[in-house]
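Encoded as C-alpha cells, the structure appears first; notes follow it.
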Amino acid sequence: MIRSIIGLEGHVTIYANGAAGLADYDALSAQLTTLPDVISALPKVEGQIMASNKGRAMGAMAVGFRPEDLKYKPLLSTRMQEGSLAAMESGEGVIIGNRMAERLGLGLGDEITLISPEGRATVAGLMPRVKAYPVVGIFSIGMFSYDNGLIVMPFSEAQVYFKLRDNGADNASSIEVMLQNPNAAKSEAREISQQLPGLRVYDWQTSNSHILQAVLVQRNVMFLILMLIIVVASFNIISSLIMLVREKGKDVAILRTMGASRASVMRIFFACGASVGVLGTFIGIIFGLLIAYNTENIQLWLESMMGHKLFADELYFLSHLPSEVNGSEVIIVSVMSLLISFFATLYPARRAASLNPAEGLRYE
C-alpha cells in the first residue's frame, strides 16, 4: 500500500498559497533538482471532476503530467493493461484505471466526458465545463482508490481544462518532488520550506498519516495476536509434559535409584519438550512459507469455493492480497518460537527432577 502511495504521489509536494497555482514552475523545478537527495521535480495539474459515459457518472481526480515526466512514475508506466503512455503525446487522450473503465463501460478509443464543478460565467448563468476525451490507455495499479478514481491527462490539456492558462497565464497546480530516500521526506520538506518561503510544502507521510497510522496499529496488533498464539501453544507443551511426568513417575524413580542424577532426569524431559518445539517450529516455517508464496492462488481458490470476494476493495484499498517474505522476520519469529517452547519445558523438567524415588516406588 505504501509503495502504491509513494509510487504515484510525490514524496514532497509543493503548492502555492493562492488558487491561481504556481507561475514559475519550471524555474522552481530546476531549483529543486539541485538539492542533493532530489531525483526529480515534476510540475503537476490536478483537480476534482465528474466523469461520465452514456448516463453513468462518478467522481474522480484528474491529474496532468508531461508525457516525458511519466518515466519517473514506473508504477504507472509498468502497469498499463491496454494502450500505452506514448499515445498521450498526441495531446488530447487520457488514461484511466481499469475499475473506472468497468464502471463506466469504457474501452480503448471510447470517449469519457469530464465535468468540472468550477464552471464559466455565461448570460444564462454559471455553466459547468464539459469536455470529452478519447481513452488511449487503461492501467491497473492494484490499489482501489487509483484504479477506480484516477484520470491521467496531458499536462497542457489539463492546464486548459482547469483554467491555468487563462489570460496568458502558464501555471501548475503543484510540483511533485521524488527523493532517493522516501523516509527522509519530513526533513527534506522542512529544508524546502525554508528555501521557498511563501509556499505550502507537504511530505507524503503527513498527507497520508491516517493510512500509515492504521497500518501501524494493524501490524502491532497482528504481532501481538501471533505471539499470543505461540504462548497458548506453549501451554500445550507444558500440560503434555506434566502429564508425561505423572505417567513416568515410576520410571523416573527407578532411574534415580540406579544412580541417575537430577540433572540427567531434567535433561531427558527438557530434550523431550524441546523436540516438540523444534519440530513444530520447523513444520510451521515450511507451511508458512508455502502459504506466503501462494497467497493469491489460495485467495482465488477460496473465493471460487465461497462464491464471493474475501476482501472488499472499497474497504481494504487493495484489489488483491499481496505477500512478501522477509527473511529477518522469519528468523526472529522462529527464534522467539523456539525460546518460548524451551522455557515452557523448564517447569515440567524441574518437576520431574525433583521427584522423590521413595514416593515413586511406594505402591510398587
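- Among residue pairs with one or both ends in residues 25-53, those qualifying as ring-ring contact (aromatic ring centres under 6.0 Å, His included) are Y25-F155; sequence neighbours excluded.
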For residues 44-69, run the donor-acceptor check on the side chains, cut-off 3.5 Å, and write out each pair with its distance to 0.1 Å, sequence neighbours left out.
unit_1 : atom_1 : unit_2 : atom_2 : d
K44    : NZ     : E46    : OE1    : 3.3
K44    : NZ     : E176   : OE2    : 2.7
E46    : OE2    : Y15    : OH     : 3.2
N53    : ND2    : L104   : O      : 2.8
R56    : NH1    : R103   : O      : 3.2
R66    : NH1    : D26    : OD1    : 3.4
R66    : NH2    : D26    : OD1    : 2.8

Given M153 and I151, is the side chain to side chain contact (heavy atoms under 4.5 Å, CB included) satisfied, shown in steps? CA-CA 6 Å; M153 308 171 62; I151 300 173; 4.2 Å; yes
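- Interatomic distance, CZ of F162 versus OG of S116, reported as 6.0 Å (0.5 Å rounding).
- Between the side chain of S337 and the backbone N or O of V333, no donor-acceptor pair lies under 3.5 Å.
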Start with the C-alpha gap between E9 and Y202, add the side-chain angles, then the distance that decides, and say whether side-chain hydrogen bond (donor to acceptor under 3.5 Å, both in side chains) holds. CA-CA 11 Å; E9 299 180 9; Y202 300 97; over 6 Å; no
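- Residues L179 and I39 approach most closely at O-CD1, 3.4 Å, considering heavy atoms.
- S173 has its side chain within reach of L164: a pair of non-hydrogen atoms, C-beta onward, lies under 4.5 Å apart.
- Proximity of R200 to N17: side-chain heavy atoms (C-beta onward) are separated by under 4.5 Å at one or more points.
- Looking at S261 and S264, their side chains do bring a donor and an acceptor atom within 3.5 Å of each other.
- Side chains of I298 and E296 form no contact here, defined as non-hydrogen atoms less than 4.5 Å apart.
- With sequence neighbours excluded, the residues forming a side-chain contact (heavy atoms from CB on, under 4.5 Å) with A184 are D37, N181, S187, listed by chain and number.
- Residues meeting the salt bridge (Lys or Arg N to Asp or Glu O under 4.0 Å) test with D170, sequence neighbours left out: R165.
- Linking ILVMFWY side-chain heavy atoms closer than 4.5 Å, directly or via other members, places V136 and M80 in a single hydrophobic cluster.
- Considering all non-hydrogen atoms of both residues, N326 and S328 come closest at OD1-OG, 2.6 Å.
- With hydrogens and angles disregarded, a donor-acceptor distance shorter than 3.5 Å links the side chain of R79 to the backbone of I141.
- E111 pairs by the side-chain contact (heavy atoms from CB on, under 4.5 Å) definition with A132, not counting sequence neighbours.
- The minimum heavy-atom distance linking A274 with F342 is given by the pair CB-CE2, 3.5 Å.
- Side-chain atoms of F139 and I95, non-hydrogen and from C-beta on, do get closer than 4.5 Å to each other.
- One hydrophobic cluster holds both V278 and F270 under the rule that ILVMFWY side chains link at heavy-atom gaps under 4.5 Å.
- Each salt bridge (Lys or Arg N to Asp or Glu O under 4.0 Å) pair with one or both residues in residues 261-277, not counting sequence neighbours, would appear here, but there are none.
- Within the structure, salt bridge (Lys or Arg N to Asp or Glu O under 4.0 Å) pairs that include any residue of residues 205-230 comprise R219-E329 (at least two apart or interchain).
- Shown here for Q159 and N171, the closest heavy-atom pair between the two residues is NE2-O, 2.7 Å.
- Residues S40 and M178 meet the side-chain proximity criterion, which asks for heavy atoms closer than 4.5 Å.
- Within the 4.5 Å cutoff, the side chain of I138 has heavy atoms near those of the V135 side chain.
- Nearest heavy-atom pair across P154 and G93 is CD-O, 3.1 Å.
- I283 pairs by the side-chain contact (heavy atoms from CB on, under 4.5 Å) definition with L279, F287, not counting sequence neighbours.
- Between K186 and E191, no side-chain nitrogen of the basic residue sits less than 4.0 Å from a carboxylate oxygen of the acidic one, so the salt-bridge criterion is not met.
- Side chains of I14 and S174 form no contact here, defined as non-hydrogen atoms less than 4.5 Å apart.
- The distance from atom NZ of K131 to atom OG1 of T113, rounded to the nearest 0.5 Å, is 12.0 Å.
- Atoms CG and CG, on L196 and L28 in that order, are 6.0 Å from each other to the nearest 0.5 Å.
- In terms of the salt bridge (Lys or Arg N to Asp or Glu O under 4.0 Å) criterion, R350 has no residue partners (sequence neighbours excluded).
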Using the side chain to side chain contact (heavy atoms under 4.5 Å, CB included) rule, take I192 and L32 through it: C-alpha gap first, then chi angles, then the decisive distance, then the call. CA-CA 8 Å; I192 293 174; L32 290 168; 3.8 Å; yes
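- In the hydrophobic clustering of this structure, I229 groups with V221; members are Ile, Leu, Val, Met, Phe, Trp, Tyr whose side-chain heavy atoms approach within less than 4.5 Å, directly or through other members.
- Rounding to the nearest 0.5 angstrom, the gap separating the CD atom in Q81 from the CD1 atom in I96 is 10.5 Å.
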Intermediate values then yes/no, side chain to side chain contact (heavy atoms under 4.5 Å, CB included), K163 and R129: CA-CA 10 Å; K163 300 196 300 183; R129 292 195 307 278; 3.3 Å; yes
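- With sequence neighbours excluded, no residue forms a side chain to side chain donor-acceptor pair (under 3.5 Å) with N297.
- Heavy atoms only, all atoms of each residue included: L150 and M100 are closest at N-CE, 3.8 Å.
- Tracing side-chain contacts under 4.5 Å through hydrophobic residues (I, L, V, M, F, W, Y), one never reaches M222 starting from V232; they form parts of separate clusters.
- Here the CG-CG distance, from L224 to L228, works out to 4.5 Å after rounding to the nearest 0.5 Å.
- The list of salt bridge (Lys or Arg N to Asp or Glu O under 4.0 Å) pairs with a residue in residues 278-293, not counting sequence neighbours, is empty.
- Of the possible polar contacts, none joining the S193 side chain to the A189 backbone as a donor-acceptor pair under 3.5 Å is found.
- Contact check for L199 versus L22: side-chain heavy atoms found under the 4.5 Å cut-off.
- Taking a 4.5 Å side-chain heavy-atom cut-off between Ile, Leu, Val, Met, Phe, Trp and Tyr, the cluster of I285 extends to L289, Y293, V325, V330.
- Atom-to-atom distance recorded for Q31:CD and I175:CD1 is 9.5 Å, nearest 0.5 angstrom.
- Cluster membership check: V231 does not share its hydrophobic cluster with L338, using side-chain heavy-atom separations under 4.5 Å among Ile, Leu, Val, Met, Phe, Trp and Tyr.
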